Amino acid sequence: MLDPKKLRADLNGIAEQLKKRGYTLDVETIQALEADRKAFQGKAQTLQAERNSRSKGIGKAKAQGEDIAPLLAEVESLKAQLEAAEQASESVQAKLEAIFSEVPNVPHATTPEGKGEEDNVEIKRWGEPKSYDFEVKDHVDLTEARGWYDNDAAVKIASSRFSVLKGPLAKLQRALTQFMLDTHGEHGYEEVYVPYIVNQDSLRGTGQLPKFEEDLYKLAKHEEHDTNDRDLYLIPTAEVPITNLVRDDILEADELPLKMVGHTPCFRSEAGSYGRDTRGLIRQHQFEKVEMVQIVHPEQSNEALEELTGHAEVILQKLELPYRLMALCTGDIGFSAAKTYDLEVWLPGQSTYREISSCSNFEDFQARRLMARFRAGKGKPQLVHTVNGSGLAVGRTLVAVLENYQNSDGTITIPEVLQPYMGGVKII
RNA sequence: GGAGACGUGGCCGAGAGGCUGAAGGCGCUCCCCUGCUAAGGGAGUAUAGGGUUUGUAGCUCUAUCGAGAGUUCGAAUCUCUCCGUCUCCGCCA
């Protein structure tokens, strides 16, 4: 969420910046509501003050044994007015809150301007796509024939867009996960294990709600057993539980930066993507991801994004997978992000670069919702900045390893850094 | 799953319809005293929002005692729902 004070102070300026990302801020509606808010809230508070002081008067009068009947009658008339004023004030504030909560973050000055994917800017390339003296296969062909990838079984036990992996393939995925976690551990991230199911407050904190509910899996409540009124969801990314670790916290300045890494499955309904990437492991309802999160001092978030992106790159470099680094343009960055880098890995099976990591600086946009703050010295608590990124999407990394390391006979060479995690096996 | 107890500021802990945004203690900050150390004395020490304002300063108002709803002129205190913690029993990887 953006700072309501800043929004108020510079509504048109912010509208201008949001326009860069293709978002039109309804300035007039907000101005009208703000005027109402000011009026109603002020009135409600004045009446509250009035009631409070009179009620105190009644207490004192009663203590001195005076007749309080006339005083009671006086306050009685206040009551209806107060209730009306409170209601009006609350209703205006709820309307503003609803609008504000759907306003995306303001892009960072260094985020390139553009309308969509095609305007993203390539920052650099690393590694050369290999040339093969045989016809390359994609990851499905490489693994299905050997009985390691079974789409039909996944459909049988769940539905489309799930996968069953077996034998060396399942093990390779686990090896990748371990390798990533260990590497980030060396980068100074604390490994965390977190719930895969979260409540609405957590999803609001990181910005998935209220706007993107359709992308989430919501758990059904058991009619008889569940007495609570709490809605729970499967996590779409470990960003949600990990970032929410600092929700409602006031950290000490010297605790920053907080660096955490975690591995979780991610669950996405992929509601808007029917028909896209239906083949193989690219776009699944359930996939594995290693996620890095940094909670940082506001002045450090730009550097932190560069650093964290670099940490994601290290994984690709150690795996010797060719990739390119893209700066997403204003039209393509996510709702909560001020700046985002995507890492795209080379996939020989598709002869193209595909997104394998997304690293973003959210500045204080998430922190405001989360009420994640820190205290510098004796000063008032101020909001932290949050930065996160995939390090990496394990399922897609698996695809990349399979396709980039394939041999003419259909076997897969295991990248050197993964061999210790595969019990020394060099080829599968 | 059954039975009971409980949830108050950074922490501990009083409070049981009005004088309580909250006693007291610990911790922390500043000041005084004191050869050093130790001890002692004094002051301060929640968060959010609104108004005022050039101001994240000051002043002022409002809200907050797990969360929400209710009763009341008035709720930390009474009622209800939910969340959570603890103890005992049962079950369990």
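It should be emphasised that the depicted structure is a prediction, and the values quoted were computed from it without experimental measurement. Chain identifiers are assigned alphabetically (A, B, ...) following the order of the sequence lines, protein sequences preceding nucleic acid strands; residue numbering begins at 1 within each chain.
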For residues 86-99 of chain A, tabulate all N or O donor-acceptor pairs below 3.5 Å that involve a side-chain atom, not counting sequence neighbours.
{"from": "A:E86", "atom 1": "OE2", "to": "A:Q48", "atom 2": "NE2", "distance (Å)": "2.8"}
{"from": "A:S89", "atom 1": "OG", "to": "A:Q93", "atom 2": "NE2", "distance (Å)": "3.1"}

Rounding to the closest angstrom, what is the interatomic distance between B:A22 and B:U47 at atom C1'? 15 Å
With a 4.0 Å cut-off on heavy atoms, is A:R368 in touch with a base, just the backbone sugar-phosphate, or nothing at all? nothing
Distance between the P atoms of B:C11 and B:A46, in whole angstroms? 14 Å
Could you work out the separation of B:A16 and B:C6 based on their C1' atoms and round it to a whole Å? 15 Å
Check whether any side-chain heavy atom of A:L172 sits under 4.5 Å from a side-chain heavy atom of A:V401, and report yes or no. yes
Among all residues two or more places apart in sequence or in another chain, which pass the side chain to side chain contact (heavy atoms under 4.5 Å, CB included) test with A:D10? none
Rounded to the nearest Å, what distance is computed from the CD1 atom of residue A:I250 to the P atom of nucleotide B:A46? 12 Å
Each nucleotide N or O in nucleotides 7-9 of chain B that has a protein N or O under 3.5 Å away: list the pair and distance.
none

Rounding to a whole Å, what distance do you find between A:L232:CG and B:C82:C1'? 13 Å
So does A:K38 pair up with A:E34, basic N to acidic O under 4.0 Å? no
Would you write the dot-bracket representation of RNA chain B, where each base gets (, ), [, ], | or . depending on whether it forms a Watson-Crick or G-U pair under 3.5 Å and with which partner? ((((((((.[[[..)..(.....]]]((((((.......))))))(((((((.....))))))).[[[[[..)....]]]]])))))))....
Summary of protein contacts for nucleotides 54-76 of chain B, nucleotide by nucleotide, where a base hit scores B, a sugar-phosphate-only hit scores S (4.0 Å, heavy atoms): -------BSS---------BS--
Do A:M180 and A:T397 make a side-chain contact, defined as non-hydrogen atoms from C-beta onward lying under 4.5 Å apart? yes
Excluding sequence neighbours, so at least two apart, what forms side chain to side chain donor-acceptor pair (under 3.5 Å) with A:Y405? none
Can you give the donor-acceptor pairs under 3.5 Å from side chains of residues 312-320 of chain A to other protein atoms, not counting sequence neighbours?
{"from": "A:E313", "atom 1": "OE1", "to": "A:K124", "atom 2": "NZ", "distance (Å)": "2.8"}
{"from": "A:E313", "atom 1": "OE1", "to": "A:Y323", "atom 2": "OH", "distance (Å)": "2.6"}
{"from": "A:Q317", "atom 1": "NE2", "to": "A:Y323", "atom 2": "OH", "distance (Å)": "2.8"}

Can you tell me, in whole Å, how much space there is between the P of B:G17 and that of B:A75? 14 Å
Using nucleotides 14-16 of chain B, report all nitrogen or oxygen pairs with the protein that are shorter than 3.5 Å.
none

When rounded to whole Å, the CD to C1' distance for the pair A:Q382 and B:A48 reads 16 Å
Using atom P of each nucleotide, how far apart are B:A76 and B:U64 to the nearest Å? 7 Å
Looking at the rings of A:F365 and A:H385, which for Trp means the six-membered one, are their centres under 6.0 Å apart? no
Pairwise C1' distance, B:G74 and B:U53 [rounded to whole Å]: 34 Å
What's the spacing between A:L33 CG and A:E28 CD if we round to 0.5 Å? 12.0 Å
Aromatic contact, A:Y233 with A:F267 (centres under 6.0 Å): no
Between P of B:C83 and CG of A:D231, the distance in whole Å: 12 Å
In whole angstroms, how far is the P atom of B:G49 from the CG atom of A:L96? 15 Å
Counting only side-chain N and O atoms of A:R375, is one of them less than 4.0 Å from OP1 or OP2 of B:U47? yes
Applying side chain to side chain donor-acceptor pair (under 3.5 Å), name anything that partners A:R373, two or more places apart in sequence or on another chain. none
Side chain to side chain donor-acceptor pair (under 3.5 Å) with A:N388: which residues, sequence neighbours excluded? A:E239
Ring pair (Phe, Tyr, Trp, His ring centres under 6.0 Å) with A:H297: which residues, sequence neighbours excluded? A:F374
Rounded to the nearest angstrom, tell me the gap between atom CG in A:N199 and atom P in B:C82. 18 Å
Using a strict threshold of under 4.0 Å (side-chain N to carboxylate O), is an ion pair present between A:R268 and A:E270? no
By nearest heavy atom, map A:P381 and A:E34 onto RNA chain B; which one lands nearer the 5' end? A:P381
Taking only the P atom of each, what is the distance from B:C31 to B:U37 in whole angstrom? 15 Å
Those residues at least two apart in sequence (or on a different chain) that pass side chain to side chain contact (heavy atoms under 4.5 Å, CB included) with A:N151 are A:Y149, A:V155
How far, in whole Å, is B:A5 from B:U81 if one measures between their P atoms? 15 Å
